[in-house]
Amino acid sequence: MTPFVRVAAEVQEAVSAGAPVVALESTIFTHGLPRPRNVEVAEEAEQIVRDAGAVPATIGVVHGEPVVGLTRDEIVELSQDDDVLKSGIRELPIGAVNGKNAGTTIAATSLLAHRAGVKVFATGGLGGVHHGASTNFDESADLLALALNPIVLVSSGAKAVLDVHATLERFESLSVPIVGYRTNAYPGFYSSESGFPVPHRIETPQDAAKIYATQRALDLTTALLVANPVPADEQLDPALLDGVIEKAWAALDEQGISGQQVTPFLLDFIRRETGDASLDANVALYRNNVRLASEIAVALTQG
């Protein structure tokens with residue numbers, strides 16, 4: 001790691017010892033969840049990792065400094081900062097000048113985790129290709145980052161407001177493999193199915209570990225995307241979701257929202273329209289992903 005990045009001693013020691021470590025992103029509690037639930041979920045995620053016998057490495061930017069392994073006080077500070085930024089890879093160097101707190105996106109978290117030697121990363125939903133990208137070129141930097149940073153990423157599909165078909169096509173073009181965990185369907189974030197299939201299916205954390213090890217043996221730079229659906233009994237009603245998403249897009253156009261604010265606006269609109277049901281599904285799928293990521297991290301250490 002460069003001097004510009006701080007890695008917690010516990011994380012450094014675990015990586016050096018070959019012990020299981022799981023990276024956790026910070027945008028879920030800086031931008032994705034309301035207070036005080038954001039801190040509660042961040043702490044719960046770390047505890048899930050520890051209960052599974054692994055070390056949590058929550059990643060964020062504190063006063064301009066990228067950190068792999070935030071302390072509890074730092075998690076609270078970022079969670080309660082009204083001016084907290086969102087940092088992708090391109091924003092990380094800007095912190096050297098602005099000295100601001102920031103939640104790291106999947107792209108930035110993947111980069112920092114990989115540079116610190118962390119092999120597994122749990123998140124909620126992926127960034128991807130936005131509707132209208134054929135004319136406005138709006139697609140997430142997560143896509144390219146996952147083609148360049150070899151890490152196991154456990155998610156519940158692309159965020160519900162994205163063009164899932166185009167996102168899957170882009171991952172194919174970038175040679176990023178996607179496997180469904182005990183499913184043949186690509187998850188729909190808040191719902192267990194998006195309407196699109198996954199090209200491959202695995203049944204165990206050991207399967208994921210074996211694929212990842214083979215990628216590394218082939219010197220591939222790509223991540224392994226493990227698509228883990230939200231438990232069916234905790235998903236958001238798909239019919240309800242479709243109607244709310246249509247209303248969300250209409251509200252977006254009316255208010256002229258653009259750029260990095262599009263996804264947070266849409267997800268917050270869905271949360272309010274569903275009476276927090278989407279929030280409950282988001283937390284449920286995130287817990288589920290953290291559990292699976294922890295099991296994969298342990299499997300990687302078992303050879």
Side-chain angles (χ1 to χ4, degrees), residues 22-49 56-62 67 70 74-88 91 100-110 112-113 121-128 130 140-142 145 153-162 167 187-191 228 230 234-236 241 244-245 248 252 257 259-291 293:
V22 177
L24 303 168
E25 61 156 317
S26 45
T27 53
I28 191 167
F29 58 81
T30 59
H31 292 80
L33 298 172
R35 302 170 188 167
R37 198 169 187 184
N38 56 348
V39 176
E40 295 169 359
V41 170
E43 292 178 342
E44 181 183 7
E46 290 208 339
Q47 191 59 52
I48 290 171
V49 174
T58 303
I59 297 175
V61 177
V62 180
V67 179
L70 296 170
E74 288 169 338
I75 288 173
V76 171
E77 180 179 346
L78 266 61
S79 298
Q80 297 179 350
D81 186 347
D82 293 332
D83 298 316
V84 67
L85 303 178
K86 181 184 286 188
S87 179
E91 287 84 15
K100 299 267 189 182
N101 290 329
T104 48
T105 64
I106 287 173
T109 306
S110 297
L112 294 169
F121 172 20
T123 188
L126 289 172
H130 287 258
S140 172
D142 295 350
L153 178 60
V154 181
S155 75
S156 295
K159 290 186 172 68
V161 296
L162 299 175
T167 298
F189 189 44
Y190 295 131
S191 55
N228 187 36
V230 60
E234 296 183 283
Q235 70 175 333
L236 191 62
L241 179 60
V244 172
I245 288 177
L252 182 83
I257 307 295
Q260 284 191 333
Q261 298 307 311
V262 169
T263 299
F265 173 86
L266 292 171
L267 296 181
D268 185 62
F269 185 94
I270 293 169
R271 178 186 66 79
R272 288 183 279 108
E273 285 291 313
T274 60
D276 282 350
S278 66
L279 178 64
D280 293 337
N282 192 2
V283 172
L285 66 87
Y286 183 55
R287 288 193 196 106
N288 199 40
N289 292 342
V290 174
R291 291 189 193 99

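What you see below is based on every heavy atom in this structure, not just the backbone, and it leaves out hydrogens, waters and symmetry mates.
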Using only atom types and a distance under 3.5 Å, with no angle test, would you say the side chain of Lys86 pairs donor to acceptor with the backbone of Gly103?
no

Donor-acceptor pair, Ser156 side chain versus Pro187 backbone, under 3.5 Å?
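Absent.
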
Charged N to carboxylate O under 4.0 angstrom, [X] versus [Y]?
{"X": "Asp280", "Y": "Arg37", "value": "yes"}
{"X": "Arg35", "Y": "Asp82", "value": "yes"}
{"X": "Asp83", "Y": "Lys100", "value": "no"}

So which heavy atom on [X] is nearest to which on [Y], and how close?
{"X": "Glu46", "Y": "Leu70", "result": "OE2-O, 4.2 Å"}
{"X": "Gly88", "Y": "Ala108", "result": "C-CB, 3.6 Å"}
{"X": "Ala122", "Y": "Val290", "result": "CB-CA, 3.8 Å"}
{"X": "Pro56", "Y": "Leu24", "result": "CB-CD1, 4.2 Å"}
{"X": "Leu236", "Y": "Ala277", "result": "CD1-CB, 3.5 Å"}
{"X": "Ala158", "Y": "Thr167", "result": "CB-CG2, 4.3 Å"}

Do [X] and [Y] have side-chain atoms, one donor and one acceptor, less than 3.5 Å apart?
{"X": "Thr123", "Y": "Asn289", "result": "no"}
{"X": "Thr104", "Y": "Ser26", "result": "yes"}
{"X": "Glu25", "Y": "Thr105", "result": "no"}

Taking the side chain as every heavy atom from C-beta outward, state whether [X] and [Y] have any pair of such atoms under 4.5 Å apart.
{"X": "Phe189", "Y": "Leu126", "result": "no"}
{"X": "Ile59", "Y": "Val67", "result": "no"}
{"X": "Asn228", "Y": "Ser155", "result": "no"}
{"X": "Val154", "Y": "Phe121", "result": "no"}
{"X": "Leu267", "Y": "Tyr190", "result": "yes"}
{"X": "Leu78", "Y": "Phe29", "result": "yes"}
{"X": "Asn282", "Y": "Ser278", "result": "no"}
{"X": "Thr30", "Y": "Asp81", "result": "no"}

Looking at residues at least two apart in the chain, or sitting in another chain, which of them share a side chain to side chain donor-acceptor pair (under 3.5 Å) with Glu40?
none

For Asn288, what residues pass the side chain to side chain donor-acceptor pair (under 3.5 Å) criterion, not counting sequence neighbours?
none

Roughly how far, to the nearest 0.5 Å, is the [atom2] atom of [Y] from the [atom1] atom of [X]?
{"X": "Leu241", "Y": "Glu273", "atom1": "CG", "atom2": "CD", "result": "12.0 Å"}
{"X": "Gln80", "Y": "Ile75", "atom1": "CD", "atom2": "CD1", "result": "12.0 Å"}
{"X": "Ile245", "Y": "Phe269", "atom1": "CD1", "atom2": "CZ", "result": "11.0 Å"}
{"X": "Ile48", "Y": "Glu43", "atom1": "CD1", "atom2": "CD", "result": "12.5 Å"}
{"X": "Asp142", "Y": "Ile106", "atom1": "CG", "atom2": "CD1", "result": "4.5 Å"}
{"X": "Phe265", "Y": "Leu252", "atom1": "CZ", "atom2": "CG", "result": "5.5 Å"}

With side-chain contact (heavy atoms from CB on, under 4.5 Å) as the test, pick out the partner of Ser79 among Val41, Asn38, Asn101.
Asn38

What verdict does the side chain to side chain contact (heavy atoms under 4.5 Å, CB included) test give for Val84 and His31, after you've listed the backbone C-alpha separation in whole Å, the side-chain angles of each residue and the deciding distance to 0.1 Å?
CA-CA 8 Å; Val84 67; His31 292 80; 4.0 Å; yes

